[in-house]
Amino acid sequence: MEELQKGESCMAEDNRKPNEIMKLREANCRNCYKCVRACPVKAISLLGDHARIEEELCIYCGKCYLVCPQDARDLIGDADRVKMMINAGEKVYVSLSSAFASYFKNNSNIKRMGAMLKKLGFTHVEETGIGNVRIIEEYTKILEEQNMQNVISTICPATNFLIQKFYPQFVKWMIPVDTPLEAHAKMMRKAYGDDIKVVGIGPCLAYQKLAATAYGGKLIDAYINYEELEEWMDKEGVVIDETEDPDTHAVSNYRARYLDEEGGIFRALPADIKYSYKTWEVYGAARTRDMLSSLTVDIENYCMQVSSCGGNCLSGPIVRLTGRDNFEGKDLWLDRIKACAKEQENNPDKNVSELAEVDVRKTYEVMDCSAPEPSEESIQYFLSLIGRKSPEDMLDCSGCGYATCRDKAIAVCRGLADPFMCIPHARDKAEAQSNMLFDYSPMGVVVMDMELKILELNPIAQNILSMTSREAEGKSITNIFGSEFFEKAMLKEMPAVRDTIESGELGKLLDVTFFKVGHHDIVMALIDDITERAEKFGREREMRRENLAVTQEVVEKQMRVAQEIASLLGETTAETKLALNKLKHSLETDEDGWRG
């Protein structure tokens with residue numbers, strides 16, 4: 001424990017498990033860019049047709065985890081590791097976030113939560129709010145000293161990562177105090193021995209990262225969120241009922257729970273302290289980023305409470321993900337506050353860990369991950385690739401996830417984005433290609449609505465139908481070609497229907513291919529005027545027919561001649577044979593008729 005009391009860096013090398021706690025599954029990612037748009041620090045790269053979290057940039061606010069519509073998010077949780085600790089017979093102590101009432105509801109209180117967690121195998125359960133008490137005490141001392149130019153709260157680990165990584169110039173204003181979970185872990189280890197395993201449970205994702213890295217990963221052994229806990233409960237068939245654990249006590253100072261709500265620090269601090277500063281509250285990672293971007297290093301006497309979640313811990317990412325960030329949850333949490341205050345009146349004794357004297361001061365180190373600004377030449381080159389060559393071309397639509405086209409170009413230069421990941425550019429390119437195909441297609445193209453009324457004709461179709469696109473607009477195609485083919489084609493489930501149609505009105509023979517354009521409520525017809533080809537083919541067919549007739553007549557004449565020759569040859573052969581037989585017979589007898 002002595003090493004932990006020295007306030008060593010919160011980002012010491014993690015020797016306990018891989019740093020990665022979140023990733024996006026490639027198989028599920030559909031390149032919708034929603035996670036890029038939601039990420040306040042653009043820590044997501046989208047290359048190779050899938051999104052990836054850039055660990056060195058991530059602040060673990062959980063925004064990408066919340067917005068993904070394809071369930072491509074994958075949280076690498078600690079639940080299995082915790083089960084292994086329990087199965088190995090370890091003494092596993094829980095620091096349970098006081099926001100549990102807003103998630104589990106069901107008339108849950110700390111004693112019932114303690115009973116439920118012990119059914120899962122945990123040794124002892126306490127509220128993280130116990131650490132909040134020490135945090136408030138230390139904040140009060142620091143603010144009374146007034147030795148800092150400005151102070152920024154450090155109870156939110158995601159915001160701490162934001163400042164350390166992206167606003168290193170303001171690290172000196174971060175209140176040099178542990179987060180509540182770190183403070184409580186120190187207090188439990190001091191009270192129950194350093195051989196215990198400390199597991200945090202709450203609604204946060206950044207705390208899981210902090211657990212893996214704070215004090216070399218030796219202070220907090222694991223962190224599981226409410227959703228993981230609920231899944232574990234369902235698998236084991238454990239529920240929160242009216243059973244209460246007598247050894248689980250609520251935090252003695254109910255005001256400590258205020259740190260879980262918006263403005264909680266200012267509610268918990270003594271009035272004479274907080275009003276000696278200009279107080280400023282900012283909630284939400286994007287708003288906090290915007291606030292920090294607007295600060296200058298010469299301001300003085302500001303006390304800022306910041307959090308990456310809109311409703312602080314009561315609206316943590318896991319609470320929002322499961323749809324429990326609502327009035328009912330907040331109302332139940334307030335009921336727990338009142339119950340805690342009443343219990344404090346009836347039982348003023350403090351939990352043993354609350355009496356533990358520990359040093360909760362900590363030095364926050366700069367984790368500057370800012371990359372050098374790309375050259376203006378490189379930025380302009382990538383802008384030109386998507387047709388953004390002048391200020392008028394800069395649409396800044398944010399469709400790609402970046403606020404401006406220039407920001408996008410910078411991300412491309414840094415290897416975080418595809419240069420062609422631009423919706424207007426892709427649309428313009430598709431439209432240009434489509435228009436080229438439409439205008440220069442060797443076949444006529446007729447675009448119609450689902451009622452077969454003409455919407456547009458390409459030049460070839462205008463020539464075939466002998467009318468301009470404006471003249472044809474609104475006319476039914478059935479008036480030109482007749483209704484039978486098109487009405488049947490509309491009813492067929494085939495992707496395309498092709499037939500030859502003779503249009504009496506046009507006096508033409510047309511080859512028509514009809515197909516529907518899915519999800520757009522339009523149908524199209526490709527038409528080819530085959531009248532001349534058909535006439536030419538007809539003439540050629542007539543010539544073939546005449547040639548065939550002449551050939552047939554010649555063949556028949558030749559056959560008759562052959563038969564006549566054969567007949568004459570047959571008669572001559574018979575007469576010759578008879579004469580020869582007679583000559584033979586005469587030679588075989590004497591003149592008196594006697595044979596030799």
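Using a distance-only test at 3.5 Å, with no hydrogens or angles considered, a donor-acceptor pair links the side chain of Gln208 to the main chain of Ile76. A donor-acceptor contact shorter than 3.5 Å links the side chain of Lys165 to the backbone of Cys58. Checking side-chain atoms of Lys111 against main-chain N and O of Thr248 turns up a donor-acceptor pair under 3.5 Å. A donor-acceptor contact shorter than 3.5 Å is absent between the side chain of Arg267 and the backbone of Arg255. For the pair Gln149 (side chain) and Trp173 (backbone), a donor-acceptor distance under 3.5 Å is absent. A donor-acceptor pair under 3.5 Å is absent between the side-chain atoms of Arg257 and the main chain of Ser98, judged by distance alone. Between the side chain of Asn132 and the backbone N or O of Pro180 there is no donor-acceptor pair closer than 3.5 Å. A donor-acceptor distance shorter than 3.5 angstrom exists from the side chain of Asn109 to the backbone of Arg112, with no hydrogens or angles considered. In terms of modelled atom types and a separation under 3.5 Å, the side chain of Ser308 and the main chain of Gly284 share no donor-acceptor contact. Ser315 contributes no side-chain N or O that, together with a main-chain N or O of Asn312, makes up a donor-acceptor pair within less than 3.5 Å.
With sequence neighbours excluded, no residue satisfies salt bridge (Lys or Arg N to Asp or Glu O under 4.0 Å) with Asp407. In terms of the side chain to side chain contact (heavy atoms under 4.5 Å, CB included) criterion, residue partners of Ser293 (sequence neighbours excluded) are, by chain and number, Tyr167, Arg289. Arg134 pairs by the salt bridge (Lys or Arg N to Asp or Glu O under 4.0 Å) definition with Glu137, Glu138, not counting sequence neighbours. Taking Cys35 as the reference, Leu24, Ile44, Ala51, Cys64 meet the side chain to side chain contact (heavy atoms under 4.5 Å, CB included) condition, with sequence neighbours excluded. When the ring-ring contact (aromatic ring centres under 6.0 Å, His included) test is applied to Tyr103, the partners found at least two apart in sequence or on another chain are Tyr226. Listed by chain and number, the residues in a ring-ring contact (aromatic ring centres under 6.0 Å, His included) with Tyr93 are His124, Tyr192 (sequence neighbours excluded). With sequence neighbours excluded, the residues satisfying side chain to side chain contact (heavy atoms under 4.5 Å, CB included) with Ile86 are Val82, Val92, Phe122, Trp232. Under the salt bridge (Lys or Arg N to Asp or Glu O under 4.0 Å) criterion, Glu228 pairs with no residue, sequence neighbours left out. Listed by chain and number, the residues in a side chain to side chain contact (heavy atoms under 4.5 Å, CB included) with Met148 are Ile142, Val151, Pro176 (sequence neighbours excluded). Shown here are the salt bridge (Lys or Arg N to Asp or Glu O under 4.0 Å) partners of Glu230, two or more places apart in sequence or in another chain: Arg324.
Here the closest non-hydrogen pair linking Ile379 and Pro374 is CD1-O, 3.9 Å. Taking each heavy atom of Leu205 and Gly62 in turn, the nearest pair found is CD1-CA, 3.6 Å. Closest heavy-atom contact between Leu210 and Pro157: CD2-CB, 4.1 Å. Pairing each heavy atom of Leu162 with each of Thr288, the nearest pair is CD2-CG2, 3.9 Å. For Lys408 against Ala417, the heavy-atom pair with the smallest separation is CE-CB, 3.9 Å.
A donor atom on one side chain and an acceptor atom on the other are not found under 3.5 Å apart for Tyr207 and Glu182. With 3.5 Å as the limit, one finds no donor-acceptor pair spanning the side chains of Glu227 and Thr322. Counting only N and O atoms by type, the side chains of Thr154 and Asn160 include no donor and acceptor under 3.5 Å apart. Ser153 and Gln305 share no side-chain donor-acceptor pair at under 3.5 Å. For His184 and Ser95, the side-chain atoms include at least one donor-acceptor pair closer than 3.5 Å.
Side-chain contact between Cys313 and Cys204: absent, with no pair of heavy atoms (C-beta onward) separated by less than 4.5 Å. Looking only at side-chain heavy atoms (C-beta outward), Met113 and Val125 stay at 4.5 Å or farther from each other. Contact annotation: the side chain of Lys186 approaches that of Leu219 to within less than 4.5 Å [non-hydrogen atoms, C-beta and beyond]. Side-chain contact between Thr128 and Val251 is absent, with no heavy atoms from C-beta onward closer than 4.5 Å. Within the 4.5 Å cutoff, the side chain of Ile155 has heavy atoms near those of the Tyr139 side chain. Using a 4.5 Å heavy-atom cutoff, the side chains of Glu55 and Lys209 are in contact. Using a 4.5 Å heavy-atom cutoff, the side chains of Pro317 and Cys61 are not in contact. Side-chain contact between Ile220 and Leu181 is present, with at least one heavy-atom pair separated by less than 4.5 Å.
Applying the ring pair (Phe, Tyr, Trp, His ring centres under 6.0 Å) definition to pairs two or more places apart or across chains, none involves residues 277-309. Sequence neighbours left out, not one pair with a member in residues 294-320 passes salt bridge (Lys or Arg N to Asp or Glu O under 4.0 Å).
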Go through the steps for Gln164 and Met174 under the test side chain to side chain contact (heavy atoms under 4.5 Å, CB included), then give the verdict. CA-CA 9 Å; Gln164 289 174 281; Met174 296 173 69; 4.2 Å; yes
What do the steps show when you test Ile163 against Leu292 for side chain to side chain contact (heavy atoms under 4.5 Å, CB included), and what is the final call? CA-CA 8 Å; Ile163 298 173; Leu292 292 169; 3.8 Å; yes
Would you please test Cys405 and Leu383 for side chain to side chain contact (heavy atoms under 4.5 Å, CB included) and show each step? CA-CA 7 Å; Cys405 295; Leu383 286 172; 4.0 Å; yes
Show the numbers, then the answer: is there a side chain to side chain contact (heavy atoms under 4.5 Å, CB included) between Leu96 and Glu127? CA-CA 5 Å; Leu96 178 65; Glu127 274 190 273; 5.5 Å; no
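A distance of 9.5 Å separates CD of Glu281 from SG of Cys303, quoted to the nearest 0.5 Å. The line from CG of Leu66 to CD1 of Ile318 is 7.5 Å long, rounded to the nearest 0.5 Å. Atom CZ of Phe382 sits about 13.5 Å away from atom CZ of Arg406, to the nearest 0.5 Å. Here the OG atom belonging to Ser378 is positioned 10.5 Å from the CD atom belonging to Glu373, to the nearest 0.5 angstrom. Between the CZ atom of Phe161 and the OH atom of Tyr364 there is a distance of 9.5 Å, given to the nearest 0.5 Å. Distance check, rounded to the nearest 0.5 Å: CG of Leu416 to CZ of Arg52 gives 9.0 Å.
A salt bridge links Asp221 to Arg189: one of the charged nitrogens lies within less than 4.0 Å of a carboxylate oxygen.
The number of heavy-atom neighbours closer than 6.0 Å to CZ of Arg414, taken from other residues, nucleotides and ligands shown, is above 12.
For the side-chain contact (heavy atoms from CB on, under 4.5 Å) criterion with Met187, the lone passing option out of Val358, Val352, Asn351 is Val358.
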